[in-house]
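Accompanying notes for the structure given below.
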Amino acid sequence: MARVDVTVRGAGIFGLSIAWACMGRGARVRVIDPGGPGAGSSGGLVGALSPHVPEAWNAKKAFQLESLLMAGRWWAGVEAASGLPSGYARLGRLQPLEDTAAVELARRREATARVFWQGCADWQVVPATGAPWEPASPSGWLVHDTLSARISPRMGLAALVAALRAKGGEVVTGEAEDEGAVVHATGVAGLDALSAALGRRVGSGVKGQALALRFEARGSPQMFVDGLHIVPHADGTVAIGSTSESRWIGDGPDGQLDGLLARAVAALPVLEGAGVVARWAGVRPRATSRAPVMGPWPGRSGHFVANGGFKIGFGMAPKVAEVMADLVLEGRDTVPEAFRVEALR
């Protein structure tokens, strides 16, 4: 490149997505990551793009809704530019309901979903049928939402890298020079650096573990049951995750994955005997606000922050990317107040 307009530090889902959005505005972009694309928490297995419950509406839920609704078109653009599949599909989600109280609450959410989801998706209470790809429900009822989608994290990142390079962008594994505006999307290390700069703790890492089974269910909805995401992917695997560990010994996978597998099989007996094809562990960045962190880096002109994706980074990424591109390239600031660095306490 003769010139770079934007340097993005971090080749996880936020960094690569922001780079892609900036290139879509005509900017020349360089992405730098010492470990390479997906080396951090974005290189996982689960890829559940699922909404928060449609009630107690706030800026975070509204932002997430916009991102989930734009995801199909956004990932289609990445696939078209790269020639690679991302594994994206909006196939919905099933959740079992434990008892009468849970059914009544879910029915109330049917009405609030019609309001907050603006008719773009449904939250429905439906009878359980006993089908093999269906969680057992003590009440006999399930929630079926049509907003949830899935993405293969690794396929998605590979498609983004290929799309960037196809359009003339740089993705550097190792070190390279910063040029132009600099976006820091560096996960846990970035939260640590921001905490040091601000003199207060603004986030930390939370370890997560997940696994993938060889099981063909690629056209089926995902499930959320017993605190687990069970997500069928386009490559004939089913991902199961994940743990949330504030304290841990060792960053790699451990025996907790055996517990996840047992819970998944109990929830969905059709998975009994499916072979484990991958085990993963990573440390995810969680801000004290429990929301993404976006905006200018205080006191550092030309530097910006995009962090705190935690468990919803892939779902938030399309909207995060467009808002950050607006800010970095055009100076147009539409970052929600709750997402700002200044909101971190």
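With hydrogens and angles ignored, the 3.5 Å screen pairs a side-chain donor or acceptor of Arg154 with a backbone N or O of Gly43. In this structure a side-chain-to-backbone donor-acceptor pair under 3.5 Å is missing from Ser137 to Pro96. Judged purely by atom type and a 3.5 angstrom limit, Thr112 uses its side chain to pair as donor or acceptor with the backbone of Arg109. Panel note: side chain Asp5, backbone Arg28; a donor-acceptor pair is recorded below 3.5 Å. In this structure, the side chain of Ser50 does not engage the main chain of Ser148 through any donor-acceptor pair within 3.5 Å. Within the 3.5 Å criterion, the main-chain N or O of Lys319 finds no donor-acceptor partner in the side chain of Trp74. In this structure, the side chain of Arg25 engages the main chain of Glu322 through a donor-acceptor pair within 3.5 Å. Remark: the backbone N or O of Leu211 is not paired with any side-chain donor or acceptor of Gln209 at under 3.5 angstrom. Side-chain atoms of Ser86 never come within 3.5 Å of backbone atoms of Ala159 as a donor-acceptor pair (strictly under, hydrogens ignored). Remark: the backbone N or O of Val335 is paired with a side-chain donor or acceptor of Arg340 at under 3.5 angstrom.
Contact of the Lys207 side chain with the Asp254 side chain is registered, since non-hydrogen atoms from C-beta on lie closer than 4.5 Å. Inter-residue side-chain proximity for Asp178 and Ile32 is flagged as met; some heavy-atom pair is nearer than 4.5 Å. In this structure the side chain of Glu79 never reaches within 4.5 angstrom of the side chain of Met155, judged on heavy atoms. Arg279 is listed as a side-chain neighbour of Asp258, based on a closest heavy-atom distance under 4.5 Å. A heavy-atom distance below 4.5 Å is not found between the side chains of Trp248 and Gln256. The closest side-chain heavy-atom distance from Arg107 to Glu104 is not below 4.5 Å. With a 4.5 Å cut-off on side-chain heavy atoms, Asn58 and Lys61 count as touching.
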Intermediate values then yes/no, side chain to side chain contact (heavy atoms under 4.5 Å, CB included), Leu344 and Val293: CA-CA 8 Å; Leu344 297 172; Val293 182; 3.8 Å; yes
Intermediate values then yes/no, salt bridge (Lys or Arg N to Asp or Glu O under 4.0 Å), Glu55 and Arg108: CA-CA 9 Å; Glu55 63 185 12; Arg108 291 196 294 272; over 6 Å; no
Side chain to side chain contact (heavy atoms under 4.5 Å, CB included) between Arg300 and His184, worked out: CA-CA 12 Å; Arg300 295 183 68 180; His184 299 266; 4.2 Å; yes
Report the C-alpha separation of Leu49 and Gln222 in whole Å, then their side-chain angles, then the decisive distance to 0.1 Å, and conclude whether the side chain to side chain contact (heavy atoms under 4.5 Å, CB included) test is met. CA-CA 10 Å; Leu49 311 185; Gln222 63 185 274; 5.7 Å; no
Please lay out, stage by stage, how Arg284 and Ser242 fare under the test side chain to side chain donor-acceptor pair (under 3.5 Å). CA-CA 11 Å; Arg284 300 165 296 190; Ser242 58; 2.9 Å; yes
Check the pair Trp133, Val238 against side chain to side chain contact (heavy atoms under 4.5 Å, CB included), reporting the backbone distance first and the verdict last. CA-CA 12 Å; Trp133 190 262; Val238 172; 3.9 Å; yes
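Between Gly241 and Leu260, the closest heavy-atom pair is CA-CD1, 4.3 Å. Considering all non-hydrogen atoms of both residues, Pro37 and Val171 come closest at CG-CG1, 3.9 Å. Counting all heavy atoms, side chain and backbone alike, Tyr88 lies closest to Ala71 at CE1-CB, 3.8 Å. Summarising the geometry of Leu65 relative to Trp57, their closest heavy-atom pair is CD2-CZ2, 4.0 Å, with the distance given to 0.1 Å. Across all their heavy atoms, Val172 and Ala176 have their closest contact at CG1-CB, 4.1 Å. Taking all atoms of both residues into account, the shortest heavy-atom contact from Ser220 to Pro232 is O-CG, 3.2 Å.
Evaluated for a side-chain contact (heavy atoms from CB on, under 4.5 Å) with Met294, the options Val305, Val323, Ile18, Asn307 yield exactly one hit, Val323.
The 12-atom threshold is not exceeded at CZ of Arg290, counting heavy atoms of other residues, nucleotides or ligands nearer than 6.0 Å. Counting non-hydrogen atoms of neighbouring residues, nucleotides and ligands closer than 6.0 angstrom, the CD atom of Glu272 reaches no more than 12 such neighbours. A 6.0 Å sphere centred on NZ of Lys60 holds more than 12 heavy atoms belonging to other residues, nucleotides or ligands.
Here Ile312 contributes atom CD1 and Phe63 contributes atom CZ; the two are 9.5 Å apart, rounded to the nearest 0.5 Å. Taken from CZ in Arg165 to CE in Met23, the straight-line distance is 12.0 Å, to the nearest 0.5 Å. With rounding to the nearest 0.5 Å, the separation of CG in Leu228 from OG1 in Thr243 is 10.0 Å. The distance from the CG atom of Leu147 to the CZ atom of Arg93 is 8.5 Å, given to the nearest 0.5 Å. How far CD1 of Ile151 is from CD1 of Ile13: 7.5 Å, rounded to the nearest 0.5 Å. Rounding to the nearest 0.5 Å places CG of Leu191 at 11.5 Å from CZ of Phe310.
Classification of the His229-Phe224 ring pair by plane angle, with boundaries at 30° and 60°, yields tilted.
No path of Ile, Leu, Val, Met, Phe, Trp and Tyr side chains, each step under 4.5 Å between heavy atoms, connects Val183 with Val202, placing them in separate hydrophobic clusters. Val46 and Leu213 end up in different hydrophobic clusters when Ile, Leu, Val, Met, Phe, Trp and Tyr side chains are linked at under 4.5 Å.
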